[in-house]
Number of protein chains: 2
Amino acid sequence: MNSIDTRTQILDAAQDLIQRLGVNAMSYQDISEAVGIRKASIHYHFPTKDDLVAALLDRYHDYFLRLVDGIIAQPDSAEIKLRRYCSLFEATLSSGNGDKACLYGMVGAELATLKHYLVDRVTAFYRDNEDRLVRILTQGKDSGEFGFAGDIRAMATSIFSLLEGGFLVARAHGGAAQYRAIVEQLMRLVKG
Amino acid sequence: MNSIDTRTQILDAAQDLIQRLGVNAMSYQDISEAVGIRKASIHYHFPTKDDLVAALLDRYHDYFLRLVDGIIAQPDSAEIKLRRYCSLFEATLSSGNGDKACLYGMVGAELATLKHYLVDRVTAFYRDNEDRLVRILTQGKDSGEFGFAGDIRAMATSIFSLLEGGFLVARAHGGAAQYRAIVEQLMRLVKG
DNA sequence: TCTTCTCTGCCTACTAGTAGGATGATGACA
DNA sequence: TGTCATCATCCTACTAGTAGGCAGAGAAGA
């Protein structure tokens, strides 16, 4: 109904604001102006800010990992899967004016200001992503596409760190073009 | 004298708070309690919060790049230089309770909430670090220590992104041990 | 009527920042 | 040496603005 629409609008606006400004710089007043409803009405849907952030993290987690699992399920080469995975991040970077970061990257930076149950969600997201990368890398090793040195788990962790970091750095300096250059360099290194 | 001490104490406290909580979550009240002086006294040394952040970024930039240049100036192998460079980041991670991030990583995440002249400082720090990495990588390529594929500039950007990202990710999940694992993986990839 | 949703109007806590006074060290001068 | 003015530092006390959040009224559909 209309209520669901409003709820979604609130989530969309909040996500956009967090990806640009961060959790602490995002306020109910900002959302209020973006959506066009009163501040108190947001509290009806999300009683506290933590409730809102939790809902946002859950939604993004489900959305993102569904896309990743969709990529993995395809009968493609490991290289194509890894490229598609990287392009998921790039899509976010390009979706705004190049000033949007990964939601979990932003929240991760402000980790120490978050309630424990929100921190748990962040670590779960990181872990789940690394697990998916392990699967892609394993396929690539088995098929002989990837010949990188070192063990697969360390490589998966490194790739995820590289993408999250590349995201933040590119936003400050270089933009989407620099992010793409990092991905290309990653592909070369993975092939070994 | 005592005034310099106070000023330094304020900078130290502010840096610690920003590395844990971020710029926006850090308040003059927090610094006041950490240093043991009144809030208005901080305004005497740093009239606005932007003045304080600017001084902090300048101090960290000078401090960090002095260390980096010291590493580069030594007659060591490129591998040792790169390892030492990576350990500079790790020292920060280990200095607290594993909850401190790179100052510029935190500020970079909150980039959109900053005044333009602070943004310029962040991009300058990133650029200067990438330049130093280019030098180390060039030495390694010339000496035959490093055999990675792709061009040096892209590799330098990737390494810096990896370290900044690895920093943030490790803080949430894995800690210093995971950061070290990322560095080891990086060394393997660089050698090619 | 009951439920769902959004509103007005308010609260307390906290933010950065300001005005102006107290303290205390320094240095010039007689 | 004693006195006085200056200056840096830190203080108390305050401002305006904004944060998250709450109570309760009104609207509107089932």
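Treat the numbers as computed from the prediction; the structure is a model and nothing was measured. Below, chain A is the first sequence line, B the second, and so on; all start at residue 1.
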Side-chain donor-acceptor contacts of residues 155-163 of chain B below 3.5 Å, not counting sequence neighbours, with atom names and distances?
unit_1, atom_1, unit_2, atom_2, d
T157(B), OG1, R153(B), O, 3.0
S158(B), OG, A154(B), O, 2.8
S161(B), OG, T157(B), O, 3.0

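- Distance from the side chain of R38(B) is smallest to dC11(D) among dC11(D), dC7(C), dC10(D).
- Salt bridge annotation for R7(B)-D12(B): absent, with no cationic side-chain nitrogen under 4.0 angstrom from a carboxylate oxygen.
- One can place CD1 of I42(A) at 13 Å from C1' of dA19(D), the figure rounded to the nearest angstrom.
- Rounding to whole angstrom units, CD1 of residue I31(A) and C1' of dT6(C) are separated by 16 Å.
- The ring-ring contact (aromatic ring centres under 6.0 Å, His included) pairs that include a residue from residues 90-125 of chain B are Y60(B)-Y104(B), H61(B)-F125(B), F64(B)-F125(B), Y104(B)-F125(B), where partners are two or more places apart or lie in different chains.
- Look at Y44(A) and you'll find a side-chain N or O under 4.0 angstrom from OP1 or OP2 of dC5(C).
- Applying the salt bridge (charged side-chain N to carboxylate O under 4.0 Å, His left out) test to pairs two or more places apart or on separate chains, none has a residue in residues 33-44 of chain A.
- Hydrophobic clustering of Ile, Leu, Val, Met, Phe, Trp and Tyr side chains at less than 4.5 Å, counting indirect connections, unites Y63(B) with L56(B).
- Residues from residues 13-20 of chain B lying near DNA chain C, meaning a heavy-atom separation below 4.0 Å, are absent.
- Under the 4.0 Å criterion applied to side-chain N and carboxylate O atoms, R135(A) and D131(A) are not assigned as salt-bridge partners.
- For dC5(C), neither phosphate oxygen OP1 nor OP2 lies less than 4.0 angstrom from any side-chain nitrogen or oxygen of S41(A).
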Could you list all N or O pairs between the protein and nucleotides 20-24 of chain D that sit under 3.5 Å apart?
unit_1, atom_1, unit_2, atom_2, d
dG20(D), OP1, M26(A), O, 3.4
dG20(D), OP1, K49(A), NZ, 3.0
dG20(D), OP2, Y28(A), N, 3.0
dG20(D), N7, K39(A), NZ, 2.8
dG20(D), O6, K39(A), NZ, 3.4
dG21(D), OP2, K49(A), N, 2.7
dG21(D), N7, H43(A), NE2, 3.2
dG21(D), O6, K39(A), NZ, 3.2

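- Not one N or O on the side chain of K141(A) forms a donor-acceptor pair closer than 3.5 Å with the backbone of D151(A).
- Within the structure, every side-chain polar atom (N or O) of T6(B) is placed at least 4.0 Å from both OP1 and OP2 of dT9(D).
- Listed by first and then second residue, the side chain to side chain donor-acceptor pair (under 3.5 Å) pairs involving residues 162-185 of chain A are R83(A)-E184(A), E90(A)-R180(A), Q185(A)-R188(A) (not counting sequence neighbours).
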